[in-house]
Amino acid sequence: MTNNSGNITFDEPGINVASNFSLPTGEEILSDPPYFTATANGGSLSDAAVIRGHFSYDVPTRQLQSLWFDIDTAFYGDLAVNFNVTAPLSSNRYSFSPGTFLPSSINVPAAFSLQPALRWAVGADVGTDGAIYHNSNITMSIPDGHVHIDFMNDTNSRIVGWGPRLTSAVQTDKAATGHASPFVDFSIELTLDVMDGLFNATGGVTASPQFVNELNVAQSQARVRKGNPMFWPRNITCTNGFELRSAFNFSVDAYVVNAWSKTLYNTEIPIADECYPF
């Protein structure tokens, strides 16, 4: 609150927030007419977090002196997607938001307001040189994630925990060289407004798990792949069929809008490298 020196200071001992969303079976979640649709085969997304923080703002000089948050979080996602591509499709990233949850804000009239937000996005990187019909299912959980976000100095931002737990399954009924890689983005975001716009800032953390599935048909000369290739070497060479390589990519990024963005954690876990005959 305002003190004798003209500073506005605030310490938040702990905001508890949580959200959950479900994806009904059969719901079309992604499309690129007339050649591509992705349909949810069921899914659920849930999270819970405790947010602590501190800020100090010098009103006479209009200078922010400190602003940081500590976030303890856990989240769970279960996502099953059917990809149906009927013709060659250029690589693209498709996404949609199943919802944003806005918990109650902290509002001190004429001083400041603090608004937390929980945001989800579901999507996929897709591209192929022919028709594919592919199903991906992944269940992932982060039971214990901790992040410190220093809005004024990204080098002070850090994480502890965030080790992912996962199970996965795939089925491919029609194959071409390409990729069909579903992802989930989950963000915890905080917006601080001081004295009705005299100062404002928005920042947070985004966790991004992705189930990468790369299809390679024998004798195909095409390579349709968005982003960097997988870093682990191939184990097999298919001569009469198609190769399916799967990996789990997971990254955690902290950010302050229009100021900085920083990857605090990134890992790739190989899952499978198999050859399937036609």
Side-chain angles (χ1 to χ4, degrees), residues 29-30 32 35-43 77-95 121-142 162-186 207-253 263 265-278:
I29 58 174
L30 307 169
D32 193 351
Y35 302 122
F36 165 59
T37 58
T39 305
N41 195 23
D78 181 22
L79 180 64
V81 182
N82 292 320
F83 296 91
N84 186 17
V85 183
T86 59
L89 184 71
S90 297
S91 292
N92 203 353
R93 168 160 283 211
Y94 302 90
S95 67
V122 174
D125 291 321
V126 183
T128 175
D129 68 357
I132 65 170
Y133 189 82
H134 174 82
N135 175 264
S136 289
N137 180 279
I138 187 166
T139 300
M140 60 243 162
S141 65
I142 306 296
W162 295 91
R165 301 177 182 177
L166 69 145
T167 59
S168 63
V170 295
Q171 179 179 336
T172 304
D173 296 327
K174 186 181 295 183
T177 294
H179 58 97
S181 304
F183 65 83
V184 175
D185 285 348
F186 166 61
S208 303
Q210 182 171 36
F211 189 20
V212 179
N213 297 293
E214 186 178 274
L215 299 160
N216 292 285
V217 175
Q219 286 84 46
S220 173
Q221 301 300 309
R223 294 283 295 174
V224 186
R225 176 87 170 104
K226 179 179 176 66
N228 294 325
M230 297 182 191
F231 295 111
W232 43 289
R234 280 187 156 75
N235 297 321
I236 59 173
T237 301
C238 296
T239 57
N240 185 26
F242 69 92
E243 177 191 15
L244 174 61
R245 305 182 77 217
S246 297
F248 177 74
N249 285 351
F250 180 61
S251 63
V252 180
D253 297 284
T263 298
Y265 180 84
N266 185 68
T267 187
E268 180 179 77
I269 303 171
I271 295 175
D273 189 354
E274 303 288 343
C275 188
Y276 298 90
F278 285 125

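Hydrogens, waters and symmetry mates play no part in the numbers below; they use all other heavy atoms, side chains included.
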| query | Is any side-chain heavy atom of V212 less than 4.5 Å from a side-chain heavy atom of E268? | reply | no
| task | Check the pair I269, L166 against side chain to side chain contact (heavy atoms under 4.5 Å, CB included), reporting the backbone distance first and the verdict last. | result | CA-CA 10 Å; I269 303 171; L166 69 145; 4.3 Å; yes
| said: I want to check something: taking the side chain as every heavy atom from C-beta on, are I138 and V184 in contact at a cut-off of under 4.5 Å? | reply: no
| Heavy atoms from other residues, nucleotides or ligands near OH of Y35 exceed 12 (cutoff 6.0 Å) | no
| Could you give the distance from OG (S181) to CZ (R93), rounded to the nearest 0.5 Å? | 9.0 Å
| message | What I'd like to find out is whether the side chain of S246 reaches to under 4.5 Å of the side chain of L244, using heavy atoms alone. | response | yes
| task | Can you see which heavy atom on A176 is nearest to which on L215, and at what distance? | result | O-CB, 3.3 Å
| query | Can you name the side-chain hydrogen bond (donor to acceptor under 3.5 Å, both in side chains) partners of S141, sequence neighbours left out? | reply | none
| request: Check whether any side-chain N or O of N41 sits under 3.5 Å from a backbone N or O of N82 as a donor-acceptor pair, and report yes or no. | output: no
| message | Testing the basics here: between N213 and P182, what is the closest heavy-atom pair and its distance to 0.1 Å? | response | ND2-CD, 3.9 Å
| query | Using 30° and 60° as the class limits, which term best fits the ring planes of F36 and Y94: parallel, tilted or perpendicular? | reply | tilted
| said: If I take atom OG1 from residue T37 and atom CG from residue L30, how far apart are they, to the nearest 0.5 angstrom? | reply: 9.5 Å
| request: Search all heavy atoms of F183 against all heavy atoms of A124 and return the closest pair with its distance. | output: CE2-N, 3.1 Å
| Would you say T172 and Y276 make side-chain contact, with heavy atoms under 4.5 Å? | no
| said: Minimum heavy-atom separation for E243 and D273, please, with both atom names. | reply: OE2-OD1, 2.6 Å
| query | Taking atom CG of D125 and atom CG of N249, what is their separation to the nearest 0.5 Å? | reply | 10.0 Å
| query | Minimum heavy-atom separation for W162 to F250, with atom names? | reply | O-CE2, 3.4 Å
| Got a sec, which residues hit side-chain hydrogen bond (donor to acceptor under 3.5 Å, both in side chains) with N266, two or more places apart in sequence or on another chain? | none
| How far apart are the C-alpha atoms of F186 and I142, what are their side-chain angles, what is the distance that settles it, and do they pass the side chain to side chain contact (heavy atoms under 4.5 Å, CB included) test? | CA-CA 11 Å; F186 166 61; I142 306 296; over 6 Å; no
| task | Output all residues satisfying side-chain hydrogen bond (donor to acceptor under 3.5 Å, both in side chains) with D253, sequence neighbours left out; order by chain, then residue number. | result | T263
| said: Would the distance check show the side chain of S136 and the main-chain N or O of V170 forming a donor-acceptor pair, the cut-off being under 3.5 Å? | reply: no
| field | Interatomic distance, K174 atom NZ to F83 atom CZ [nearest 0.5 angstrom] | value | 16.0 Å
| query | If you measure from CG on D173 to CG on N84, what distance do you get to the nearest 0.5 Å? | reply | 10.5 Å
| field | Taking every non-hydrogen atom, the tightest pair across I271 and S168 | value | CG2-OG, 3.6 Å
| task | Apply side chain to side chain contact (heavy atoms under 4.5 Å, CB included) to M140 and F211, showing your working. | result | CA-CA 10 Å; M140 60 243 162; F211 189 20; over 6 Å; no
